[in-house]
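Please read the structure below before turning to the comments.
Chain A is the first sequence line, chain B the second, and so forth, proteins listed ahead of strands; every chain is numbered from 1. Quick caveat, the model's predicted, so the values are computed rather than measured.
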Amino acid sequence: MTQDSHSLFGALFDTPASKRVVPVLVPLPVPEAYSYAVPEGMAVEAGSVVQVPIGPRQHIGVVWDEPEARGDDKSFDPRKLRAIEQVFDCPPLTKDMREFIEWVSAYTLSPPGLVARMAIRAPAALEPEPMIEALRFTGGEPDRVTPARQRVLQTLEEDIPWTRSGLAHAAGVSLSVVDGLVKQGLFETVFLPPPPVVAVPDPDYVAPRIDGPQKQAASELVEAVQTAGFSASLIDGVTGSGKTEVYFEAIAEALRLGKQVLILLPEIALTSSFLERFQDRFGAKPAEWHSDLAPRMREKVWRGVVTGEVRVVAGARSALFLPFEELGLIVVDEEHDPAYKQEDRIFYNARDMAVVRARIGLFPIVLVSATPSVESQVNGQSGRYHVVHLPTRFGDAAMPDLHLVDMRRHPPAKGGFLSPVMLRAIGKTIEKKEQALLFLNRRGYAPLTLCRVCGHRFQCPQCSSWLVEHRFRNQIQCHQCGYSEKTPEACPECGTFDHLVACGPGVERIAEEVERHFPDARTIVMSSDLLGGVKRMRLELEAIAKGEADIVIGTQLVAKGHNFPLMTLVGIVDADLGLANGDPRAAERTFQLLSQVTGRAGRTGLKSYGLLQTYQPQHPVMQAIASGDASAFYEREIGEREKALLPPFGRLASIIVSADTRLDAETHARGLRNAAPKMSGVTVLGPAEAPLAIVRGRHRFRLLVHGRRNSDMQGFLRAMLSSGPKPRGSVQVQLDVDPQSFL
DNA sequence: AGCACGCCGACT
DNA sequence: GTCGGCGTGCTC
């Protein structure tokens with residue numbers, strides 16, 4: 001085989017005599033594309049989605065670009081060369097998409113084929129949907145005209161094709177009436193294109209309902225969309241300030257310019273209320289994309305995206321890898337949300353990768369948050385992102401009055417967890433027939449159970465964490481690995497009955513305390529382990545919104561999305577929870593969570609309050625929340641990060657070490673750390689820095705590596721991965737850095 | 001990621 | 001003597 005037969009350009013115009021060979025990215029963890037022969041008469045180009053044989057099986061791959069320099073042709077045995085099996089009848093991945101895949105692969109240190117696989121994960125969608133069979137009236141008279149037949153003929157007056165069942169339904173007759181007419185040859189069979197997945201959104205469906213600062217902000221974004229090229233904007237505005245309405249205008253403009261739009265949302269925020277807001281503005285819902293989309297729907301949306309039929313997708317992080325035909329705008333809502341981080345096989349932060357995708361595609365991206373991440377805040381300050389402030393609440397939504405409850409001065413009664421201040425506020429609220437929300441980010445009854453006789457603590461047999469008692473379910477559960485067992489009646493250590501004691505509060509225990517104080521109030525607990533699943537949860541949320549509960553006690557899941565018009569008191573039971581868990585972002589996360597929860601109150605003009613129980617009223621997080629001014633908090637966080645070399649000033653990589661047993665994982669993690677060369681600017685933190693987790697039966701440790709320069713980090717990590725004591729297939733790396741700085 | 005090959009322990 | 005554990009290597 002000659003060198004030039006490798007050239008794609010040459011191959012396209014080649015004589016049939018020489019065999020054409022193209023690189024194909026295959027879904028295997030190998031560092032580069034494999035070579036495949038293109039059979040006679042098969043038309044493929046870079047980006048084509050193909051089926052190729054790998055060993056005994058067939059896989060889906062993507063024809064890739066020729067490497068620019070073919071100097072050191074790492075020749076494999078040419079006798080191994082096999083041919084592409086088939087090309088799928090769908091548009092090839094665009095040049096931008098291919099470049100994006102390569103970038104993500106290099107950045108995340110993951111094999112390019114596995115990254116590419118994320119973009120083509122809807123196998124059955126690779127072939128066009130079959131046309132649907134329809135009947136077209138060709139004229140003529142039936143032998144006998146019955147009333148039912150008459151109705152069909154009337155329905156047919158407009159000369160449009162009908163499906164068999166559609167016609168029967170429209171005419172109000174049974175299928176057999178239609179079949180009878182078909183038998184008499186009154187119809188011809190025609191084929192119609194399949195119906196669109198979603199209706200096309202209309203940018204001018206309604207006039208934008210914004211004014212003042214919102215209008216100004218919207219016009220800045222619209223201008224960014226009109227200006228061809230990359231730009232990044234950060235919309236920074238409190239809950240209820242009209243952020244969504246503002247970015248809807250940017251979307252409208254992108255649609256007017258004939259571009260596709262991607263809205264990224266944290267998984268949990270993909271609620272019907274968001275879709276309805278979109279529909280109210282654009283007259284149609286966006287296509288959805290998330291992990292539990294029905295397979296059939298997934299295929300349709302994927303196909304619609306790649307053909308350009310779908311104009312707007314609202315999706316969770318994986319939607320970022322959809323192969324859009326002409327993407328022209330990305331919106332990342334709740335950009336600070338940790339749900340954008342994927343930590344499974346391919347490690348990436350969809351928010352950061354979205355910035356990269358916009359940069360490669362030369363179009364604008366809009367990041368949106370009431371509580372921007374520190375990274376984005378820094379990018380805003382340095383001018384890399386254009387910051388759009390939305391200072392006020394929109395319409396009549398007033399900010400709640402926020403107060404700290406110093407628990408040292410107002411301690412709860414013995415055996416309780418709610419301060420008298422909090423209890424009084426709850427009492428007043430329900431007296432006014434308004435609703436109170438109590439937030440505690442801890443499921444179950446109590447986080448720790450111990451035996452009063454021997455001091456035995458209930459610990460998970462699979463990992464190191466405590467077992468959490470769940471009274472509703474009569475279970476004790478491990479919140480790390482999911483282990484659970486029936487709550488024992490006697491201590492397993494000393495056998496004593498009735499001497500087990502619960503330590504600390506969970507939402508169930510707070511509910512018990514609330515019911516003791518307010519026996520007549522309608523109290524409801526919202527937690528992810530609510531019996532009855534998602535369906536019951538949705539009903540409960542609706543009931544709460546309608547005022548069918550007085551006091552709601554909930555975990556994190558009440559923090560997002562849902563609006564409760566009668567909610568005028570938000571009480572945080574333990575505002576300090578999560579501040580001291582070893583996570584370098586603990587303060588930031590706590591600030592974001594508390595802002596989000598207190599933002600649930602006061603969205604309808606009723607005077608509303610937020611109370612935060614804390615033992616650390618002077619803590620910067622508490623001060624930021626209470627004062628409503630976060631600037632000092634951000635300054636401090638930025639300073640801390642600078643000192644600790646955390647993003648965005650240094651690089652932070654997580655090396656996840658996983659093994660079948662805890663001991664193995666620990667040993668491997670130590671081994672990696674000890675093997676770490678003393679490289680300048682790179683520091684390795686020990687396994688103790690991160691909590692142990694068990695994922696799909698594998699024990700995981702996280703090693704954190706700090707460094708200042710990306711090249712140092714990558715060099716170091718590559719060295720670690722290739723030379724370290726590598727337990728096979730069980731070391732994964734996530735680079736947690738700001739991508740803008742080295743685009 | 002799968003899958004085959006290959007080398008050491010407990011058994012019909 | 002084998003069955004089967006999972007360590008190692010390969011897939012164009």
Proximity to the side chain of A:Pro29 - top-ranked nucleotide from C:dT11, B:dG2, B:dA1: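 So the side chain of A:Pro29 is nearest to B:dA1.
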
Does any non-hydrogen side-chain atom of A:Leu320 lie less than 4.5 Å from one of A:Ile330?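 Of all side-chain heavy-atom pairs linking A:Leu320 with A:Ile330, at least one is under 4.5 Å.
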
Please list every donor-acceptor pair under 3.5 Å in which a side-chain atom of residues 95-102 of chain A meets a protein atom from a residue at least two apart or in another chain.
| residue | atom | partner | partner atom | Å |
| --- | --- | --- | --- | --- |
| A:Arg98 | NE | A:Leu93 | O | 3.2 |
| A:Arg98 | NE | A:Thr94 | O | 3.4 |
| A:Arg98 | NH1 | A:Asp65 | OD1 | 3.0 |
| A:Arg98 | NH1 | A:Asp65 | OD2 | 2.5 |
| A:Glu102 | OE2 | A:Trp64 | NE1 | 2.4 |

Expressed in angstrom and rounded to an integer, what is the separation of [X] atom [atom1] from [N] atom [atom2]?
X: A:Tyr34; N: C:dT11; atom1: OH; atom2: C1'; answer: 5 Å
X: A:Gln58; N: B:dA1; atom1: CD; atom2: C1'; answer: 16 Å
X: A:Arg121; N: B:dA1; atom1: CZ; atom2: P; answer: 11 Å
X: A:Leu28; N: C:dC12; atom1: CG; atom2: P; answer: 9 Å
X: A:His59; N: C:dC12; atom1: NE2; atom2: P; answer: 10 Å
X: A:Glu85; N: C:dT11; atom1: CD; atom2: P; answer: 19 Å
X: A:Arg79; N: C:dC10; atom1: CZ; atom2: P; answer: 15 Å

Any A:Arg57 side-chain nitrogen or oxygen under 4.0 Å from OP1 or OP2 of B:dC3: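 It does, given that an N or O in the side chain of A:Arg57 lies less than 4.0 Å from OP1 or OP2 of B:dC3.
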
Only pairs at least two apart or in different chains count here, so list each ring-ring contact (aromatic ring centres under 6.0 Å, His included) that has a residue in residues 21-62 of chain A.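 Passing the test, one end in residues 21-62 of chain A: no pairs.
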
Test A:Ser373 against A:Glu335 for side chain to side chain donor-acceptor pair (under 3.5 Å), laying out the working first. CA-CA 7 Å; A:Ser373 61; A:Glu335 66 81 30; 3.1 Å; yes

Using a heavy-atom cut-off of under 4.0 Å over every strand shown, decide if A:Pro53 touches base, sugar-phosphate, or nothing.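 Sugar-phosphate: the residue A:Pro53, judged by heavy atoms under 4.0 Å, touches backbone atoms but no base.
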
